[in-house]
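Everything numeric in this text was worked out from a predicted model, so none of it was measured.
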Amino acid sequence: QSTWGYSGLIDTAVPVLPAFSCTILHLFLYKMASSGSDRENNIYLAQLAEQAERYDEIVESMKTIAKMDVELTVEERNLLSVAYKNVAGAKRASWRMLCSVEMTEQDDGKSGEGSKFGKLTEDFRAVVEKELRDICSDILSLIDNHLLLEANIAESKVFYHKLKGDYNRYLAEFE
């Protein structure tokens, strides 16, 4: 299989790299960082990932920093928030679309007992719900077990409690 593909946006062929999981890419980038502390490297990687709109990598970098049990700066808190909001936001949009499709299928009589498409849609929605539940549980655990414990500034505490409220609300949307 060729490693060259058509971008669709421009009239030239661009290299298409094999798909890497965000964890493998994160480890690769981390090993490439040759100087600075783990915190500095992870901040740099998170900022780089933000520029590339790769929110899963920002999540991984910011989780690593949060688990260092240090108080996050305003910039670090914002990176964490933006990353999780984008990752969760994409799943929430998928969930809403799938719910809409399910409702349409019910109205058209394509769902229920004996309907293979209704079952496929329902199963797909369940997968998205699990992914969204995992994302929400991840950030809620991070807040409770690391971030709030290290927050000494009132602004930080308020920020984390607001995030907890947001992710509990996201869970309540489908549970």
Residue set satisfying side-chain hydrogen bond (donor to acceptor under 3.5 Å, both in side chains) with N78, at least two apart, ordered chain then number -> none
Residues at least two apart in sequence or cross-chain that pass side chain to side chain contact (heavy atoms under 4.5 Å, CB included) with E76, listed by chain then number, are R39, I43, M62, L72, T73
Fill in: CA sep, side-chain torsions, deciding dist, call: L142, D138, side-chain contact (heavy atoms from CB on, under 4.5 Å)
CA-CA 6 Å; L142 202 60; D138 190 40; 5.6 Å; no
Residues 141-170 vs ring pair (Phe, Tyr, Trp, His ring centres under 6.0 Å), sequence neighbours excluded, gives Y167-Y170
Hits for salt bridge (Lys or Arg N to Asp or Glu O under 4.0 Å) against K164, two or more places apart or cross-chain, chain-then-number order -> D144
For residues 65-75, the salt bridge (Lys or Arg N to Asp or Glu O under 4.0 Å) pairs (sequence neighbours left out) are none
| So, T64 side chain and E60 main chain: donor-acceptor pair closer than 3.5 Å or not? | yes
Sequence neighbours excluded, the answer for side-chain hydrogen bond (donor to acceptor under 3.5 Å, both in side chains) partners of K162 is D166
- Query: With no hydrogens and no angle check, is any side-chain donor or acceptor of S100 less than 3.5 Å from a backbone partner on R96?
  - Reply: no
Residues passing the side chain to side chain contact (heavy atoms under 4.5 Å, CB included) test with M97, sequence neighbours excluded, are V101
CD1 (I143) and CG (L163) are apart, to the nearest 0.5 Å, by 4.5 Å
Ring pair (Phe, Tyr, Trp, His ring centres under 6.0 Å) pairs touching residues 41-92, sequence neighbours excluded, are none
Note to self: Before you tell me yes or no, could you show the steps for R77 and E155 under side-chain contact (heavy atoms from CB on, under 4.5 Å), namely the whole-Å CA-CA distance, both residues' side-chain angles and the distance that decides it to 0.1 Å?
What the structure shows: CA-CA 11 Å; R77 287 194 313 261; E155 181 183 348; 3.3 Å; yes
Contacts of V158 meeting side chain to side chain contact (heavy atoms under 4.5 Å, CB included) (sequence neighbours excluded), chain-then-number -> none
More than 12 heavy atoms of other groups within 6.0 Å of M68 CE:
yes
Distance col, row E50:CD vs N86:CG, nearest 0.5 angstrom, shows 9.0 Å
Taken in chain and number order and not counting sequence neighbours, the residues that satisfy side-chain hydrogen bond (donor to acceptor under 3.5 Å, both in side chains) with E173 are R92
Here the gap from L79 atom CG to L45 atom CG, rounded to the nearest 0.5 Å, amounts to 11.5 Å
The side chain to side chain contact (heavy atoms under 4.5 Å, CB included) partners of R133 (sequence neighbours excluded) come to E129, K130, S137, L171, F174, E175
- Apply the test side-chain contact (heavy atoms from CB on, under 4.5 Å) to residues L98 and E102: give CA-CA distance (whole Å), side-chain angles for both, the deciding distance (0.1 Å), then the verdict. CA-CA 6 Å; L98 290 167; E102 270 187 305; 5.6 Å; no
Sorted by chain and number, sequence neighbours left out, salt bridge (Lys or Arg N to Asp or Glu O under 4.0 Å) with E53 holds for none
CG (L147) and OG (S141) are apart, to the nearest 0.5 Å, by 10.0 Å
Rounded to the nearest 0.5 angstrom, the NZ-CD distance for K157 and E150 is 11.0 Å
Closest non-hydrogen atoms of N42 and S61, given as atom of the first, atom of the second and distance, are O-CB, 3.4 Å
Output for pair (E40 CD, I65 CD1), nearest 0.5 Å, gives 10.0 Å
